[in-house]
Amino acid sequence: MGKVALVAMLAVGCAASSETPDQRVARARREWTQTTNARLKALKVEFPASRVFLRAYKQERELELWVGNADGPLKLYRTYAIAAASGELGPKRKEGDRQVPEGIYRVDRLNPASQFYLSIGLNYPNAYDREVGAARPGGDIFIHGDAKSIGCLAMTDPKIREIYPLVADAWRAGKNPVSCHIFPFRMTAANLAAAAKSQPKWAAFWRQLQPVEAAFNRSFLVPRVKVTRDGYALVKD
């Protein structure tokens with residue numbers, strides 16, 4: 001999101017919580033541990049889940065959270081409505097463009113002291129973003145609370161209180177990265193054709209993302225993706 005965007009958002013009234021960071025996390029666990037444990041048990045996934053995968057769709061305004069044990073296919077824990085995501089279809093290319101990124105990312109930090117209650121940081125810009133983006137591609141892209149955002153995915157405070165502990169437990173375990181794939185839309189042939197017609201400049205980029213989504217939909221395993229300066233390519237085992 002960048003410092004300019006952050007200041008702008010705060011100026012329009014995004015107030016910080018009066019809770020301390022530790023109190024926010026404690027409240028999240030107090031409110032959701034019992035429900036999360038029951039949902040994982042129903043999915044036959046151990047608590048806490050050792051693997052978590054996030055998948056977002058901008059057009060549909062949905063964030064999927066998938067969970068799993070140490071191995072085997074992931075299972076859909078819940079699909080959340082995204083409360084706010086600025087910009088339009090198409091990737092983020094520069095600081096201040098108000099765009100939510102599109103591509104293959106991973107969680108690289110957690111911020112319980114966020115101005116947006118609790119936030120989960122992504123490793124934008126990745127190698128491809130840096131290659132094709134502006135000299136200043138922006139940064140500070142988060143999945144967070146509240147219902148306002150510039151370039152991030154705002155989920156509301158109650159939803160982030162459920163999401164944050166699941167991600168935190170898997171991320172801190174350190175055995176498996178918490179990947180986050182952000183797609184412009186569900187990558188059906190019809191959706192891709194329609195979007196490519198209205199925004200042809202992104203068609204080639206979107207076609208790189210389509211097989212990534214398809215690979216997960218076939219196996220329910222997070223596909224290995226090579227992220228280079230040239231774009232995205234599936235890694236075949």
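What you are looking at is a predicted structure, and each value in this text was computed from that prediction instead of being measured.
Of the possible polar contacts, one joining the S219 side chain to the A215 backbone as a donor-acceptor pair under 3.5 Å is found. At distances below 3.5 Å, not a single donor-acceptor pair connects side-chain atoms of S179 with backbone N or O atoms of F53. Not a single donor-acceptor pair under 3.5 Å links the side chain of N123 to the backbone N or O of Y105. With D157 contributing its side chain and G145 its backbone, the two residues share no donor-acceptor pair below 3.5 Å. The backbone N or O of G133 sits nowhere less than 3.5 Å from a side-chain atom of R93 that would complete a donor-acceptor pair. At least one donor-acceptor pair under 3.5 Å links the side chain of Q99 to the backbone N or O of E88. Under a 3.5 Å cut-off, the side chain of D129 and the backbone N or O of Y124 do not form any donor-acceptor pair.
For residues 42-53, there are no side chain to side chain donor-acceptor pair (under 3.5 Å) pairs, not counting sequence neighbours.
Between W66 and E64, the side chains place a donor N or O and an acceptor N or O closer than 3.5 Å (distance only, hydrogens not considered). One side chain, E213 or Y57, offers a donor N or O that lies under 3.5 Å from an acceptor on the other.
Checked against ring pair (Phe, Tyr, Trp, His ring centres under 6.0 Å), F47 has no partners two or more places apart in sequence or in another chain. Under the side-chain hydrogen bond (donor to acceptor under 3.5 Å, both in side chains) criterion, K75 pairs with no residue at all, not counting sequence neighbours.
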(request) Assess whether salt bridge (charged side-chain N to carboxylate O under 4.0 Å, His left out) is satisfied between D140 and R109, documenting all intermediate values. (result) CA-CA 10 Å; D140 292 337; R109 60 205 185 280; 3.6 Å; yes

(request) Could you go through the salt bridge (charged side-chain N to carboxylate O under 4.0 Å, His left out) check for R186 and E62 one step at a time? (result) CA-CA 10 Å; R186 295 197 178 272; E62 291 181 340; 2.8 Å; yes

(request) Given side chain to side chain contact (heavy atoms under 4.5 Å, CB included), test T36 with Q34 step by step and report yes or no. (result) CA-CA 6 Å; T36 296; Q34 184 174 353; over 6 Å; no

(message) Determine whether M155 and L63 satisfy the following criterion, side chain to side chain contact (heavy atoms under 4.5 Å, CB included), listing intermediate values before the conclusion.
(response) CA-CA 9 Å; M155 305 304 301; L63 175 71; 3.8 Å; yes

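Smallest separation of non-hydrogen atoms from A49 and A170: O-CB, 3.8 Å. Counting all heavy atoms, side chain and backbone alike, A154 lies closest to S149 at CB-CB, 3.8 Å. L40 approaches V67 most closely through the heavy-atom pair CD2-CG2, 3.7 Å. Of all the heavy atoms in I160 and L118, the pair that sits closest is CG1-O, 3.4 Å. F216 approaches P223 most closely through the heavy-atom pair CB-CD, 4.1 Å. The shortest non-hydrogen separation linking E19 to Q23 is CA-OE1, 3.5 Å.
A cation-pi arrangement is absent between R172 and Y164 under the rule of less than 6.0 angstrom and at most 45 degrees off the ring axis. R24 forms a cation-pi arrangement with Y117, by the criterion of a distance under 6.0 Å to the ring centre and an angle within 45° of the ring axis.
Across L122, I141, I143, L54, a single residue satisfies side-chain contact (heavy atoms from CB on, under 4.5 Å) together with L153, and that is I143. Applying side chain to side chain donor-acceptor pair (under 3.5 Å) to E102 and the options H181, K92, K58 leaves one that passes, K58. Y232 pairs in a ring pair (Phe, Tyr, Trp, His ring centres under 6.0 Å) with only one of the listed residues (Y128, W206, F183), which is Y128.
Interatomic distance, CG of L89 versus OG of S198, reported as 7.0 Å (0.5 Å rounding).
The hydrophobic cluster containing W32 does not contain Y80, counting ILVMFWY residues as joined when their side-chain heavy atoms lie under 4.5 angstrom apart, directly or transitively. With hydrophobic clusters built from ILVMFWY side chains whose heavy atoms lie under 4.5 angstrom apart, F220 does not share a cluster with L209.
Annotation: R61, atom CZ; neighbour count of heavy atoms from other residues, nucleotides and ligands within 6.0 Å is above 12. In the displayed structure, R78 atom CZ is contacted under 6.0 Å by more than 12 heavy atoms of other residues, nucleotides or ligands.
Contact check on D97 versus R136 returns no salt bridge, with no Lys/Arg side-chain nitrogen under 4.0 Å from an Asp/Glu carboxylate oxygen. In this structure, R29 pairs ionically with D169, as a charged nitrogen and a carboxylate oxygen lie closer than 4.0 Å.
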